There are 2 protein chains.
Amino acid sequence: MSPSEADSALPAGGGAFLLTQLGTHAAQAFAERIAELDLTPPQAGLLRAVAFGPGRSQQALAQQLGTAPTRLVALVDGLEQRGLLERRRNPGDRRLHAVHLSVAGEAVMADIGRVSRDHNDAVLSALDPAEREQLRALLARVATDRGLTPGVHPGYRTLSAADPGSPSREDRATY
Amino acid sequence: MSPSEADSALPAGGGAFLLTQLGTHAAQAFAERIAELDLTPPQAGLLRAVAFGPGRSQQALAQQLGTAPTRLVALVDGLEQRGLLERRRNPGDRRLHAVHLSVAGEAVMADIGRVSRDHNDAVLSALDPAEREQLRALLARVATDRGLTPGVHPGYRTLSAADPGSPSREDRATY
DNA sequence: TATTGTTATACTCTATAACTATA
DNA sequence: TATAGTTATAGAGTATAACAATA
């Protein structure tokens with residue numbers, strides 16, 4: 001079989017492939033930007049979660065972030081050592097650690113907000129405001145249809161690799 | 001600072017976040033579909049690359065796929081043991097292994113093409129053909145603007161995690 | 001006994017470096 | 001000596017399971 005027979009339709013040219021490609025790119029670009037704050041994306045996500053709902057237990061945070069409680073320990077450890085998070089004992093139930101932002105942590109949160117907005121603008125710089133809204137609306141419909149709760153993404157946890165491999169330049173001709 | 005101040009704009013609601021979210025979802029969905037053929041996405045990508053350009057060396061394939069030559073060895077090993085790929089010695093330069101699809105490999109390639117098309121249809125099922133094309137056009141412009149060669153994606157290799165963490169349902173209100 | 005948090009262990013994936021065989 | 005392929009080693013990241021403290 002010839003290559004053009006093998007995948008005549010659009011494996012690497014279809015919308016699903018573009019979504020995979022751009023999703024990867026967006027995640028990488030965000031990781032690079034957030035690295036300027038000496039943060040990883042998971043760390044930024046944890047800070048954001050704590051900022052939104054201060055004083056929650058690590059169990060609650062783990063459930064919200066969709067990660068194992070054991071993973072949260074190391075994350076909180078690192079951010080606590082850097083003085084961005086605080087563990088506070090709960091007098092009512094001393095098993096719980098209420099996680100709060102420190103003052104420094106709140107300052108970093110403001111930085112994260114700026115970085116996120118810059119990131120969004122950079123990724124979508126090719127589109128004007130109307131087009132961005134158009135794209136947003138289409139993506140939101142796909143996300144809803146696919147059962148993705150807006151604001152909650154899978155988290156790249158069980159991800160092994162990519163879409164239809166990495167076809168590359170040469171393949172474009174046929175795809 | 002209150003959460004709504006911290007990220008007033010759109011960190012988890014903007015187009016960039018949606019791209020990350022849907023990109024992850026599309027990659028996972030493809031991985032699940034291709035697993036029905038007992039393949040991983042990297043394996044499918046390698047088969048596709050070989051199908052498009054048969055007889056190339058592992059070095060050439062590694063460069064095209066954007067991966068280290070050492071990683072390709074194990075990939076080719078597995079697919080050769082399953083009888084889908086063949087290593088053929090090059091009489092001219094016996095250091096090279098020309099990689100070819102076997103007959104069984106060509107049959108699997110046809111399956112991959114079907115799976116890829118089904119995957120694309122499923123992911124975009126919320127949109128009618130005109131809307132799919134609209135989305136495709138917008139994504140293609142963003143991809144070009146960001147310097148991504150169509151058909152070649154990063155490959156989820158250096159990916160550490162996700163966009164702005166995993167904000168989750170509760171955050172939607174503010175985001 | 002159940003639950004929160006922690007620690008220890010193992011497993012997967014990938015990257016780096018050393019080795020061989022050919023040239 | 002330089003290159004293609006291979007093997008071996010190690011590193012990052014994550015998941016699983018056992019453990020200690022508290023309820």
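Model, not experiment: these values are computed from the prediction. Letters A, B, ... are given to chains in the order of the sequence lines, protein chains preceding strands, and every chain is numbered from 1.
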Measure the distance from CD on B:Q59 to P on D:dT3 and round it to the nearest whole Å. 10 Å
Atom pair distance, as rounded to whole Å: CG in A:L61 and P in C:dT4: 13 Å
Distance check needed: D:dG5 P versus B:E80 CD, whole Å only. 12 Å
Look at B:R95 and C:dA21 and indicate whether a side-chain polar atom (N or O) is within less than 4.0 Å of OP1 or OP2. no
Taking CG from A:L75 and P from D:dG13, how many angstroms apart are they, rounded to a whole number? 11 Å
Among the nucleotides C:dT14, D:dT14, D:dG5, which one has an atom lying closest to any side-chain atom of B:R71? C:dT14
With a 3.5 Å cut-off and heavy atoms only, can you find an N or O donor on one side and an acceptor on the other between the side chain of A:T70 and the base of C:dT6? no
In whole Å, what is the span from the CD atom of A:Q58 to the C1' atom of D:dA20? 15 Å
A:L22 side, atom CG; B:R146 side, atom CZ - distance, nearest 0.5 Å: 9.5 Å
Taking the basic N atoms (NZ, or NE/NH1/NH2) and the acidic carboxylate oxygens, is any pair closer than 4.0 Å for A:R87 and A:D77? yes
Any B:R94 side-chain N or O less than 4.0 Å from OP1/OP2 of D:dT3: no
Going by heavy atoms in the side chains, are A:R33 and A:S116 under 4.5 Å from each other? no
Classify A:R89 by what it touches in the nucleic acid, base, sugar-phosphate, or nothing, heavy-atom distance under 4.0 Å. nothing
Starting at CG of A:L96 and ending at C1' of D:dT22, how long is that distance when rounded to a whole Å? 10 Å
Rounding to a whole Å, what distance do you find between A:L72:CG and C:dT4:C1'? 12 Å
Indicate yes or no: does B:R132 engage B:D121 in a salt bridge with an N to O separation below 4.0 Å. yes
B:R87 CZ to D:dG5 P: how many Å, rounded? 9 Å
